[in-house]
Structures are given as structure tokens and as C-alpha cells.
Amino acid sequence: MQTDFLVIGSGVAGLTYAIKIAKAYPDKNIIIITKTTADETNTKYAQGGVAGVWDANDSFEKHIEDTLIAGDGLCNEKIVEIVVKEGPERIREIISYGAEFDKDEAGEYSLGREGGHSENRILHHKDVTGREMERALLKEIKKFNNIEFINYCFVVDIITQHHLGYLVTKSTTDITCYGVYVLNINNNQIEKILSPVTVLATGGCGQVYRTTTNPRIATGDGVAMVYRAKGRVENMEFIQFHPTALYEPGVSPSFLITEAVRGDGGILRNKDGEAFMEKYDERRDLAPRDIVARAIDNEMKKTGAEHVYLDCRHMNMENFLQHFPNIHEKCLSIGIDVAKQMIPVSPAAHYSCGGIKTDECARTSIYNLYACGECACTGLHGANRLASNSLLEAMVFGHRAFLDTVEKINHGNHDAFHKEKTDLVPDWNALGTSEPKEMILITQSLKELQQIMSDYVGIVRNDVRLDRAMKRLDLLFTETEALYKSTKVSPQLCELRNLITVGYLIVKSGEFRKESRGLHYNTDHPAKSRIVQNIIL
Ligand code: FAD
Ligand code: SIN
């Protein structure tokens, strides 16, 4: 199969790119590949909203400063400026596609507040903002008959060629991407899809932990593929734990209680009913997420409780119902009336601040390969992401990848390359595919991996724990590679393999960082030492 533009992923990042390319080149074909259905994405589950400078009291400078403070010295300031300044235009664009954000009685956008923001600047659609954005994007996509979706299709690897120069110069542009190998779940065949331009928009990797807000699809596939292809991956130690996932043992993924609830006045209390955040930070419940998650972790350890509480009983229930109907309904469904009872919450893996290293045009270190959205590390988040900055980042870099593609086509690099390379790839069908016979081995190894990562590489880390995690991951890696070589390819086995790679990258980057910074908190190394650099693997 061959196409003009290949997009892996149908969340906010992939769809933003695809819509723009389809509009600009009506005579060219775009393929979007998804693992399951088109709308099953992290994007669909986003609750709080999308941050953007919208109000006259707010300013780009304030949003930039808040992002830099949260990022704890590791943000790329140029990228922060780009995202903050271009963000409002991208928000206007999705509004023009039909996305509806809540308005107040005066007809102005109602702007929410979340941790780390010095102003109200979160546009939202009740507590289901991502669902609304995904709906609007998928509706807009339907206008273009040059876009084809291939759903239930698992991308196994990117097709690359390493040019001779790579060995000599280790130059970043000496690896070229020609498309992807996919396992088509509809017909159980390995197929090649060739394209002169490939965009990875594969989302996050929360499934590497036992407790996560991320859906099943979030297995870090894009990051693992790029690492296997010897592309650059950066800052993987910075995994963001959301402080307030609903505590519901045995339920996965965890249901999120958006930070916007604290923005509207919700208060965290420990099992004795004490409002503990004032002991940890003067911003109390609205301190940046790393601080709140660590404070909760500490309270849980001190009291031996498995969760803390989010108290909303004092809040105006009419407003609560209007802003958070989904949370209200979910809580009721498990017997919690938020007007009378506190909500049990605990932290859960939520967002990967690191990922495939990209530049200001969303280019990766591999030629003809872009990455945008959560799988990319643009430099915006540094050591800790400011709440609601990721939907914004995904739109800004989906757009920037589009602009760079246009530029490339205008320079005549597109079609020529397309024709030249089609016979370069080896035939992978030799591997064959089927339902994995050894499913119990796969599911058991996945559980072990999630346990290792949660026990040793969670919110609070130390050198011994990281070392233990690495040794255990090594064994899992060896066993899984053996399984991969001896059994038929399946999505479950590929996901396990990818998650082990991502786990390895998180631990390895964590071992390299001999300091505590942002989301990486290592009790053996104090905060704010002189080591301030991105860790690139
Ligand atoms: P996704 O939306 O995750 O899409 C990934 C796509 O890649 C899917 O289509 C999937 O099928 C495809 N894919 C992945 N691997 C493969 C493969 N191997 N083969 C084929 N296809 C593949 N951010 C905010 O800014 N504001 C919020 O309020 C907010 N709330 C959140 C709430 C929750 C519960 C969660 C989980 C996240 C939240 N986030 C929020 C983060 C934000 O939603 C994500 O970072 C963002 O949506 C990621 O978008 P994306 O386009 O990069 O990837
Ligand atoms: C939330 O709604 O609390 C999540 C926001 C985010 O992850 O940016």
C-alpha cells in the first residue's frame, strides 16, 4: 500500500495535521491508522480543558511564566513562547470546526482554573472537553474524501534505512523513514504502508503503570518504535502522576476527578479530615501537580491509608452539576453523593512529559518522520507539564508539522522521494500472524512490568529502587524478546514489548538524572543541584 501522507493516530494531534493536509492537497491521499476505533484516544478522556490566553486580564507573559515555573528549569523557552502565542489561534480553529466550549451568562467563554495557573484560562466543555474536541475533529474530517481511516490496524514498526553516513557521522538526518509495517487486525496480515511523509501521533504510555488514567491504547508504541529505529528520545523520567484519580480498587483505567474541581474550590483532606495541602505549599490545593501528588503520597504513607479525600461538600451544588455532570454521575454510580460525602482519590500515572525528541517544526531526528502530541517531546513541558497545556501543544505542533510538510513539498522533495524508494523494504510476511498462543505469558509479564514500575519507579524514587527495577526489566526484556522471536506477532505481544522499552527508557533516564527535579523525585539526590539538562537517549 502506498499513500502521500501517513498519520498514525486519531487523537487531537493526528487529526489536526490530517485535516490541514487534506484541505491543502485535495488531489493527494492521506491514510490515518488507528489501533482500535477512530475515537478511542487519550484525547477523548480529557476533562479539565485546554489552556489559552483569552481574557483581557491575562497575558502571554503570564502563561509563559506559569509554564516555565511548572517545568522546573527544563522547558525550552522558545517552544513555550511558540505554543502560548500560537495557541489561541489553534483554539479558534477548532471552534470553527464546531467545538463548543462553555460560556457564562454574558455569553463570554467561561474560563476555569487549574493547578499552577496564575489566571483563569482553561476553556472547557463541562467535564468532557476532550470528547467534545474529538467529536468536532472527527466531524470536520468527514468533509474530506481524500482521507482514509484504517482502524483496528496495529503499527508494529517504522520502516527505516540507515545511510552509510550514519555510522561515520552519527548525524541525525542519516536515518530515513519510508512508512510503517502494520499488523492488520482485520485480516491478521503484516502489511507495508509506504509514504514519503509519516506522522507519529500515537499518544501516551500510562499503561506502563498499574494505576493510570490512560485508556488501554496508551502503550507508548510510537516512542518504542523510534527508539528501536535509533531515533532520539528525550526526558522519559518525567512521568506525571495526576493527584486525583477516583480510588476504585481493581478498576482500570482509573476515572479522573479533574483538577478543575479543585480550581472551583474542592479541598484535599487526609483520612482524619485534615486539609493537609497548606503544610506543603502556599498555593495549597492548586500547587503544580508534582507537588500535590507527592503531598498525597506522603499523607498516604504517614497514615497508612490507600487514598485521601476530595471534599466538595461546601461547594455550590448547582454550579458543580453544571460544570461536572460526568463526575457527579460517576460518583453516584458507585454510591457517592458528592454533596454529602467526600470522594476517595489517589494519584495515578497520567501523562508522559518526555518522548520522541522534536524540533520547532515537529521534525524528529529521523528524516521524513514527524511526531506530535503526547508521544513527542517538544520542550514545552520540561520537568513537569502545566495542567491543560497538552491539548494546546498537540494542536500547535499538528499545525507546525503541516506547515513544514508544505514547505518540503514546495521545495520539490515530496514526489521524487516517493518514487525512488518503494522497493527498499524487506518482506516481513515471513513472520506471519495469529492469535497469541502464549497469552498467559504475555498477560503475566504485563502485570509484572506494571508492578515493577509502580513499586520502584513511582512518585518517589531512589537509587536502589531504580537499580532493582532495571534488573527486573532486564529479565522481562530477555523473556519477551525470546517470545517475540518464537511466536506469531500479535498486538498484545507488540504492546508488551513496547511497554518494556518505555519502562527501560524511564528507568535509564531516571538513573542518569542525579538530582530531584520536577516530576523526578529521588530521595538520594537533592532538588535543584547544578545538573540541569535534558536527558536524551
Ligand atoms: P491520543 O489522543 O492518545 O491518540 C493516540 C492515537 O494513536 C489513537 O488513535 C491510537 O489508536 C493511535 N495509536 C497508538 N499506537 C498505535 C499503534 N501502534 N498502531 C496504530 N495506532 C496507534 N490534557 C489537557 O490538555 N487537558 C485536559 O483536560 C486533559 N485531561 C486528561 C484526562 C485524562 C483522563 C487523560 C488520560 C489525559 C488528559 N489530558 C489532558 C492529556 C491529553 O488528553 C493527551 O495528552 C492528548 O489527548 C494526547 O493526544 P494525542 O493526539 O497525542 O494522542
Ligand atoms: C484534569 O482535568 O485535571 C486533567 C488536565 C490535564 O491533564 O491537563
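One-based numbering, in listed order, for ligands and for the atoms of each. Position 1 is the first residue of the sequence, and the numbers go up from there.
- At a 3.5 angstrom cut-off on N or O pairs, T213 does not count as close to ligand 1.
- Heavy-atom distances between T129 and ligand 1 stay at or above 4.0 Å for every pair.
- Contacts of K35 with ligand 1, taken as heavy-atom pairs under 4.0 Å, involve both backbone and side chain.
- A perpendicular orientation is assigned to the rings of F238 and H520, their planes being inclined by more than 60° (bins at 30° and 60°).
- Near A13, with a cut-off below 4.0 Å to any heavy atom, the atoms of ligand 1 are 51 (O).
- For the ligand labelled ligand 1, residue G130 lies outside the 4.0 Å heavy-atom shell.
- Annotation: atom 17 (C) of ligand 1 to nearest protein heavy atom, D221 OD2, 3.5 Å.
- When each atom of ligand 1 is checked for a heavy atom of G48 under 4.0 Å away, the hits are 28 (O).
- Among protein heavy atoms, atom 20 (C) of ligand 1 sits closest to C153 O, 3.3 Å.
- Checking only distances, C375 never comes within under 3.5 Å of ligand 1, N or O to N or O.
- Regarding atom 19 (N) of ligand 1, its nearest protein heavy-atom neighbour is V155 N, 2.9 Å.
- Between the side chains of N384 and Q240, at least one donor N or O sits under 3.5 Å from an acceptor N or O.
- Contacts between V12 and ligand 1, counted as non-hydrogen atom pairs separated by less than 4.0 Å, involve both the backbone and the side chain.
- Applying the 4.0 Å criterion to heavy atoms of Y351 picks out, from ligand 1, the atoms 45 (O).
- For atom 43 (O) of ligand 1, the nearest protein heavy atom (residue, atom name, distance) is N42 O, 3.5 Å.
- Proximity annotation for atom 47 (O) of ligand 1: of T43, V50, T258, N151, T43 comes nearest, heavy atoms only.
- Checked against a 6.0 Å centroid threshold, the rings of Y351 and H242 do not count as neighbours.
- Residues V156 and C494 come closest through the heavy atom pair CG1-SG, 4.1 Å.
- For atom 27 (C) of ligand 1, the closest non-hydrogen atom of the protein is G49 O, 3.5 Å.
- Between T34 and ligand 1, no N or O atom pair is found at a separation short of 3.5 Å.
- Taking the side chain as every heavy atom from C-beta outward, C361 and L403 never approach each other to under 4.5 Å.
- Protein heavy atom at the shortest distance from atom 34 (C) of ligand 1 is Y45 O, 3.4 Å.
- Judged purely by distance below 3.5 Å, without hydrogens or angles, the side chains of S365 and K230 never pair a donor atom with an acceptor atom.
- The shell of residues lying under 4.0 angstrom from ligand 1, judged by heavy atoms, includes R385.
- Side-chain contact check for V128 versus H125: some heavy-atom pair is nearer than 4.5 Å.
- Side-chain atoms of D404 and Y370 form a donor-acceptor pair, as typed in the model, at a separation below 3.5 Å.
- In summary, the side chains of R131 and N326 do not present any donor paired with an acceptor at a separation below 3.5 Å, with no hydrogens or angles considered.
- Less than 4.0 angstrom separates some heavy atom of G373 from each of these atoms of ligand 1: 52 (O).
- Between the side chains of D127 and T258, no donor N or O sits under 3.5 Å from an acceptor N or O.
- A cation-pi arrangement, defined by a distance under 6.0 Å to the six-membered ring centre and an angle within 45 degrees of its axis, is absent between K192 and Y181.
- Under a cutoff of 6.0 Å and an axis angle of 45°, K330 and F255 form a cation-pi pair.
- Between H399 and F397, the ring center distance fails the sub-6.0 Å criterion.
- Residue R400 is tested with E86, E360, E89 for a salt bridge (charged side-chain N to carboxylate O under 4.0 Å, His left out); the sole match is E86.
- Less than 4.0 angstrom separates some heavy atom of S10 from each of these atoms of ligand 1: 6 (C), 8 (C), 9 (O).
- The shortest separation from a heavy atom of H350 to ligand 1 is under 4.0 Å, placing the residue in contact.
- With hydrogens and angles left out, the side-chain atoms of R121 and H117 include a donor and acceptor closer than 3.5 Å.
- By the 4.0 Å heavy-atom criterion, A394 is excluded from the residues contacting ligand 1.
- Of the protein's non-hydrogen atoms, A46 CB, 3.4 Å is the one closest to atom 29 (C) of ligand 1.
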Going through the distances and angles, do D58 and H63 end up as a side-chain hydrogen bond (donor to acceptor under 3.5 Å, both in side chains)? CA-CA 8 Å; D58 201 359; H63 191 182; 5.9 Å; no
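- With a 4.5 Å cut-off on side-chain heavy atoms, I291 and R283 count as touching.
- In terms of protein heavy-atom proximity, atom 14 (C) of ligand 1 is closest to T202 O, 3.3 Å.
- Assignment of G398 to the shell around ligand 1 is not supported, since no heavy atom sits closer than 4.0 Å.
- Heavy-atom contacts of F154 reach the following atoms of ligand 1: 18 (N), 19 (N) (cutoff under 4.0 Å).
- Closer than 4.0 angstrom to ligand 2 sit non-hydrogen atoms from Q47, G48, E114, H242, L256, T258, E259, R289, H350, R385, A387, S388.
- Among residues at least two apart or in separate chains, there is no salt bridge (Lys or Arg N to Asp or Glu O under 4.0 Å) pair with a member in residues 382-397.
- Side-chain atoms of D4 come within 3.5 Å of backbone N or O of N29 as a donor-acceptor pair.
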